[in-house]
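Labels below follow one simple rule: chain letters A, B, ... track the order of the sequence lines, proteins then strands, and each chain is numbered from 1.
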Number of protein chains: 2
Amino acid sequence: MKLTSSIQAFVLHFGEMGSRWGINRTVGQIYALLYLSKDPLNAEQITDTLGVSRSNVSMGLKELQSWRLVRLQHFPGDRRDYFSTPEDVLEIALTLVEERRKRELDPTLTLLRQTLMEPATDQDEQHAHERMGQMCELMEQVSQWSHDLQKLSPKELQRLLMLGSAVPKLLQMKDKLSLVGARSKPHRENSPD
Amino acid sequence: MKLTSSIQAFVLHFGEMGSRWGINRTVGQIYALLYLSKDPLNAEQITDTLGVSRSNVSMGLKELQSWRLVRLQHFPGDRRDYFSTPEDVLEIALTLVEERRKRELDPTLTLLRQTLMEPATDQDEQHAHERMGQMCELMEQVSQWSHDLQKLSPKELQRLLMLGSAVPKLLQMKDKLSLVGARSKPHRENSPD
DNA sequence: TCGTAATTTCAGTAATTACTGAAATGTATT
DNA sequence: AATACATTTCAGTAATTACTGAAATTACGA
């Protein structure tokens with residue numbers, strides 16, 4: 001793929017942002033390239049375009065696959081692997097949310113749950129456990145949000161995104177309506193599926 | 001501060017997760033310690049507890065301040081700096097969302113807006129610009145969400161968190177209501193402030 | 001303004017992470 | 001089963017990031 005100046009700028013930028021996003025430069029650049037490319041690319045094409053080693057591209061593609069951010073496909077009469085990104089940016093974002101939850105939240109959630117099983121032994125630990133409990137509760141909720149997001153249809157997601165700060169207004173509306181057929185405080189506002 | 005086994009486990013865990021969260025081990029450990037501590041701590045106490053160099057703690061605290069994740073305070077008759085984290089985990093989470101937006105989204109958004117000002121020169125670039133446009137739009141929306149979140153009261157935030165997958169149901173409700181006093185499709189569902 | 005305590009800076013070094021090239025492994029074709 | 005092509009693995013090296021200790025700076029009280 002030809003690197004016009006604006007495409008190159010984007011690719012280099014993704015390389016630089018990589019470290020902030022928890023991936024390395026090459027992985028960032030590979031992703032940027034695949035994201036912009038009209039057609040799927042094979043490893044050799046990526047190698048040539050980016051000017052990095054073939055093995056580096058191989059490792060980068062494996063990493064991107066572990067994030068479920070690229071798709072592997074084949075063409076008849078060609079046994080090389082071709083890679084592409086999903087068309088839909090919302091789908092991409094959803095994958096990103098899910099994978100970051102797994103990597104950045106779940107391990108801590110596991111530790112917190114384990115730790116909170118044991119009773120606190122002294123004063124300091126008492127307080128520490130309270131704090132861990134608060135963090136745990138919040139992380140559970142965020143984690144649940146992430147799971148719930150995955151279930152939404154693209155349409156619903158798109159609407160949710162556009163809502164923005166209008167959400168609290170919706171909540172107010174809901175309150176007014178609830179006054180009619182009111183039940184006593186439910187712990188969680190989801191009705192069980 | 002005494003490191004009981006569960007406190008130590010938490011501190012070490014935060015150190016290890018640091019690299020995934022975009023901070024280094026020491027910064028993670030310092031934060032964990034401050035988060036769990038009942039009272040504010042000064043740099044020397046942190047140094048002693050973690051067994052790292054005084055200068056490392058100094059740099060770590062600066063980093064945490066740049067994230068706005070710790071607060072500096074003083075006690076009468078003591079000129080050392082004492083650090084603590086906010087009580088409210090929701091407030092902490094909000095700060096985190098805001099700072100990550102600044103660091104992980106805004107630079108890319110800036111690049112995309114700049115790039116999309118220029119017209120595409122050829123076929124490949126044409127397609128690339130369309131893709132950049134899609135990404136830009138999505139990032140604008142996510143960025144706006146982040147901004148909007150900052151404006152919510154703790155109460156509203158708490159309710160929003162508990163909503164989870166019930167949000168689409170709310171959307172449906174809204175649709176039904178909107179049928180009454182319906183306007184023609186607004187581009188964004190927020191009413192301007 | 002001098003002395004002392006606290007903090008920051010920074011050059012040097014340690015530790016970690018990223019990348020390369022060569023060799024090994026896998027896979028389809030003849 | 002031999003060949004050709006594609007991909008992966010991995011040891012060695014390069015590059016980056018993290019950490020330390022000493023020196024410099026800052027802030028305050030005498």
Side-chain angles (χ1 to χ4, degrees), chain A residues 11-34 40-67 69-84 103-104, chain B residues 11-34 40-67 69-84 103-104:
Chain A
V11 168
L12 294 179
H13 176 84
F14 261 56
E16 282 155 16
M17 291 299 287
S19 53
R20 298 197 191 188
W21 295 336
I23 56 179
N24 67 40
R25 180 171 50 218
T26 308
V27 172
Q29 292 185 353
I30 294 173
Y31 184 79
L33 201 57
L34 291 175
L41 301 175
N42 65 42
E44 202 194 343
Q45 293 173 309
I46 297 170
T47 301
D48 293 345
T49 310
L50 297 182
V52 297
S53 73
R54 179 65 182 73
S55 53
N56 198 6
V57 170
S58 176
M59 291 186 297
L61 287 168
K62 263 193 102 182
E63 169 91 357
L64 285 172
Q65 282 176 287
S66 85
W67 279 87
L69 284 172
V70 295
R71 284 176 179 164
L72 172 58
Q73 60 195 292
H74 289 104
F75 292 100
D78 186 341
R79 52 196 178 89
R80 287 170 293 185
D81 295 340
Y82 282 81
F83 297 89
S84 62
R103 292 156 198 249
E104 300 181 8
Chain B
V11 168
L12 294 178
H13 176 82
F14 261 57
E16 283 155 15
M17 292 299 286
S19 54
R20 299 196 190 190
W21 296 336
I23 55 179
N24 67 41
R25 179 170 52 215
T26 307
V27 172
Q29 291 184 355
I30 294 173
Y31 184 80
L33 201 57
L34 291 175
L41 302 175
N42 64 42
E44 201 193 343
Q45 294 173 309
I46 297 170
T47 301
D48 294 344
T49 310
L50 297 183
V52 296
S53 73
R54 179 66 183 71
S55 55
N56 198 6
V57 170
S58 177
M59 292 186 296
L61 287 168
K62 262 193 104 180
E63 169 91 357
L64 286 171
Q65 283 176 286
S66 85
W67 279 89
L69 284 171
V70 296
R71 285 177 178 166
L72 171 59
Q73 60 195 291
H74 289 104
F75 292 100
D78 186 341
R79 52 198 179 88
R80 286 170 293 186
D81 295 340
Y82 284 80
F83 298 89
S84 62
R103 292 155 199 250
E104 301 182 8

Checklist entry - Has Ser58(B) got a side-chain N or O lying under 4.0 Å from the OP1 or OP2 atom of dT9(C)? => result no
Next on the checklist: Less than 4.0 angstrom between a side-chain N/O of Arg54(B) and OP1 or OP2 of dT20(D), yes or no?
Outcome noted: no
Checklist entry - How long is the gap from CG on Asn42(B) to CZ on Phe83(B), to the nearest 0.5 Å? => result 9.0 Å
Next on the checklist: Could you tell me how far apart Phe83(A) (CZ) and dA6(D) (P) are, to the nearest whole angstrom?
Outcome noted: 13 Å
Item to check | Aromatic ring proximity, centroids under 6.0 angstrom, Trp67(A) and Tyr31(A) | outcome: no
Checklist entry - Residues from residues 16-25 of chain B sitting under 4.0 Å of DNA chain D, heavy atoms only? => result Asn24(B), Arg25(B)
Item to check | Integer-rounded Å distance: dA5(C) P and His74(B) NE2 | outcome: 17 Å
Item to check | Side chain of Thr26(A) (C-beta onward), nearest among dT20(D), dC19(C), dT20(C) | outcome: dC19(C)
Next on the checklist: So, OP1 or OP2 of dT9(D): does either fall under 4.0 Å of a side-chain N or O from Lys62(A)?
Outcome noted: yes
Next on the checklist: Distance check needed: dT8(C) P versus Ile46(B) CD1, whole Å only.
Outcome noted: 11 Å
Next on the checklist: Rounded to whole Å, please give me the gap between CE in Met59(A) and C1' in dT7(D).
Outcome noted: 12 Å
Item to check | Nucleotide dA6(C), atom P - distance to CD of Gln73(B) in whole Å | outcome: 17 Å
Checklist outcome for this item: Heavy atoms of Pro40(B) and Phe75(B) approach each other most closely as CG-CZ, 3.9 Å
Next on the checklist: In whole Å, I'd like the distance from the CG atom of Leu50(A) to the P atom of dT20(C).
Outcome noted: 10 Å
Checklist entry - Atom CD of Gln29(A) and atom CG of Asn56(A): how far apart are they, to the nearest 0.5 Å? => result 9.5 Å
Checklist entry - For Asn42(B), which contact category applies under a 4.0 Å heavy-atom criterion: base, sugar-phosphate, or nothing? => result nothing
Checklist entry - Separation of Glu63(B) atom CD from dT8(C) atom C1', in whole Å? => result 15 Å
Checklist entry - What distance do Gln65(A) atom CD and Leu72(A) atom CG have between them, rounded to the nearest 0.5 Å? => result 6.0 Å
Checklist entry - Could you state the interatomic distance from CZ (Arg103(A)) to CE (Met17(B)), rounded to the nearest 0.5 Å? => result 11.0 Å
Item to check | dG21(C) base / Ser55(A) side chain donor-acceptor hit below 3.5 Å | outcome: yes
Checklist entry - For dA6(C), does either OP1 or OP2 sit under 4.0 Å from a side-chain N or O belonging to Arg79(B)? => result no
Checklist entry - What's the closest nucleotide to the Arg80(B) side chain, out of dT7(D), dT20(C), dA6(C)? => result dA6(C)
Checklist entry - Taking only residues two or more places apart in sequence or in another chain, which ones pass salt bridge (charged side-chain N to carboxylate O under 4.0 Å, His left out) with Arg20(B)? => result none
Checklist outcome for this item: Here the distance between atom C1' of dA14(D) and atom CG of Asn56(A), to the nearest Å, is 12 Å
